Number of protein chains: 2
Amino acid sequence: MPADHVHEIMQKCYAVRLRRLHRALTSLYDEAFRPYGLRVGQLNLLVGIACHDSVRPADLARALNMDKSTLSRDLEILNAKGWVLSLPGEDARSQHLHVTDSGLKLIETITPVWRMAQEKAAELMGEEGTRAIFTAADRL
Amino acid sequence: MPADHVHEIMQKCYAVRLRRLHRALTSLYDEAFRPYGLRVGQLNLLVGIACHDSVRPADLARALNMDKSTLSRDLEILNAKGWVLSLPGEDARSQHLHVTDSGLKLIETITPVWRMAQEKAAELMGEEGTRAIFTAADRL
DNA sequence: TACATAATGTTGTATATACAACCAATTTAC
DNA sequence: GTAAATTGGTTGTATATACAACATTATGTA
C-alpha cells in the first residue's frame with residue numbers, strides 16, 4: 001500500500017518539517033535584512049568569521065557543517081561586497097579570512113534589526129520550539 | 001562594541017542553528033537516497049502530491065511555505081524523471097499534479113531506506129530535538 | 001629522498017531557494 | 001458590462017547548497 005507509506009512519510013519525516021521551518025525562518029530574516037543588501041546566510045558567515053581574529057575556510061566549513069565548495073562560492077560574494085577579506089596564510093594552500101571594517105559596521109547596524117527578527121521567529125515557533133532548535137543543533 | 005554583537009548573534013540566532021541542522025539532515029537523507037537518484041526535497045514534494053488525488057501547484061506551494069517559482073522548477077525535474085505528471089485543470093490557468101505509477105513505486109522502494117535515515121536523524125538530534133522539530137513546525 | 005597520501009581551495013554540474021517582472025485568465029468592483 | 005484587482009504559472013536573475021574532479025601543496029612512509 002503506497003498510500004500508507006505516503007502518509008507515514010508525510011506525517012513523520014523530520015526532514016519535511018525541518019525544511020518548512022528553514023524556508024519560513026529564512027524568509028523572515030531575509031525580509032528584515034533586505035534594505036541592507038544582506039541575507040541571513042551571509043550574516044551567518046560574517047559572524048562566524050568575526051568570532052575569530054582569523055579563520056581558514058576549511059575550518060569554518062567544518063564548524064558550520066558546510067561543504068568547502070559552498071563556502072568558497074559564498075565567500076566570493078562577501079569579498080565582492082567588501083565585507084570580508086581573504087589573505088594568504090603561511091601555508092601556501094590555505095587562506096586567512098577577516099571581516100573588514102565595513103563588515104563590522106554592517107553587523108553593528110544590523111543587530112537591532114536582527115533582534116526584531118529573533119522576536120518574530122520566537123513568536124512563530126513558540127517557547128518550546130525555540131529551546132528545541134538549540135538542543136537539537138547543539139548535538140551536532 | 002561589534003564583538004559583543006558578534007557573540008550575541010553567534011550564540012543566540014535561531015536561523016544560524018536551524019541552517020546547520022538543515023544542512024546536516026539534508027546530507028543524511030540525501031546520502032541514503034543517492035543510489036535511487038532521489039533527493040529528500042524531491043521525496044518531500046512527491047509525498048505532498050501523493051497525499052491528494054490531485055493538487056494544484058499554487059496550493060501545494062502554500063502548504064509547504066514554498067515560493068511558486070521554486071515549485072515550478074522543482075516540478076520540471078520531477079516531470080523529467082517521470083515521477084510526476086502535470087495535467088491541465090478545469091481552470092485554464094492552473095494545473096493538476098499527479099504522482100505516476102513509477103513515482104509511487106519509488107516511494108514504496110524508498111520507504112525502508114527512509115526509515116533508516118529517520119532513525120539516524122533521531123539519534124543525531126536526540127529525543128527532545130525530534131519532538132521540538134515537530135512542535136515548532138506545527139505552529140506554521 | 002622519492003613516492004603515496006592527505007589536506008586546501010577552485011571549478012563543473014545539478015538542485016533548491018526566492019524576488020521581481022511578466023503573461024494569461026479569472027474574479028471583483030463599479 | 002467593462003475596468004481593476006487578483007490568481008496561477010513561467011522566466012530572468014541571484015544566492016545557497018553539495019558532489020565529483022582537479023591542481024597545488026603538505027605530510028608521512030618506505
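Quantities reported herein were computed from a predicted structural model and do not represent experimental measurements. In what follows, every chain begins at residue 1, and chains take the letters A, B, ... in the order their sequences are listed.
Scanning both residues, A:Lys81 and A:Gly37, for their nearest heavy atoms gives NZ-O, 3.0 Å.
In this structure, A:Asn79 contributes its side chain and A:Leu75 its backbone to a donor-acceptor pair below 3.5 Å. For A:Thr111 (side chain) and A:Ile107 (main-chain N/O), a donor-acceptor pair under 3.5 Å exists by modelled atom type. The main-chain N or O of A:Ala136 is never found under 3.5 Å from a side-chain atom of B:Arg17 such that the two would form a donor-acceptor pair. Between the side chain of A:Thr100 and the backbone N or O of A:Trp83 there is at least one donor-acceptor pair closer than 3.5 Å. Judged by distance alone, with hydrogens and angles left aside, the side-chain atoms of B:Thr26 form a donor-acceptor pair with the main-chain N or O of B:His22 at under 3.5 Å.
Below the 3.5 angstrom threshold, one finds a donor paired with an acceptor across the side chain of B:Arg93 and the base of D:dT7.
When the options A:Leu43, A:Val47, A:Leu46 are evaluated for a side-chain contact (heavy atoms from CB on, under 4.5 Å) with B:Met10, the one that passes is A:Val47.
The interatomic distance linking A:Glu90 (CD) with D:dA26 (C1') rounds to 13 Å, in whole Å. The CG atom of B:Leu75 sits 15 Å away from the C1' atom of D:dT11 (whole-angstrom rounding). Atom CG in B:Leu71 sits roughly 10 Å away from atom C1' in D:dG9 (whole-Å rounding).
Among the protein residues, A:Ser94 comes within range of the sugar-phosphate backbone only, with heavy atoms under 4.0 Å from sugar or phosphate atoms but none that close to a base. The residue A:Asn65 sits close only to the backbone: its heavy atoms come under 4.0 Å of sugar-phosphate atoms, none of a base. Within the 4.0 angstrom heavy-atom criterion, base atoms lie near A:Arg73.
A nucleotide of DNA chain C counts as in contact with chain A when one of its atoms lies under 4.0 Å from a heavy atom; the first and last such, 5' to 3', are C:dA7 to C:dC19.
Toward the 5' end of DNA chain C, the nearer of the two residues A:Ser72 and B:Thr70, judged by each one's closest nucleotide, is A:Ser72. Of the residues near DNA chain D, A:Met66 and A:Asp91, the one whose nearest nucleotide (by heavy atom distance) lies more toward the 5' end is A:Met66. Summary of the strand contacts: B:Lys68 and B:Asp74 both lie near DNA chain C, and taking for each the nucleotide with the nearest heavy atom, the more 5' one is attributed to B:Asp74. Between B:Arg34 and A:Arg39, the residue whose closest nucleotide on DNA chain D is further toward the 5' end is A:Arg39.
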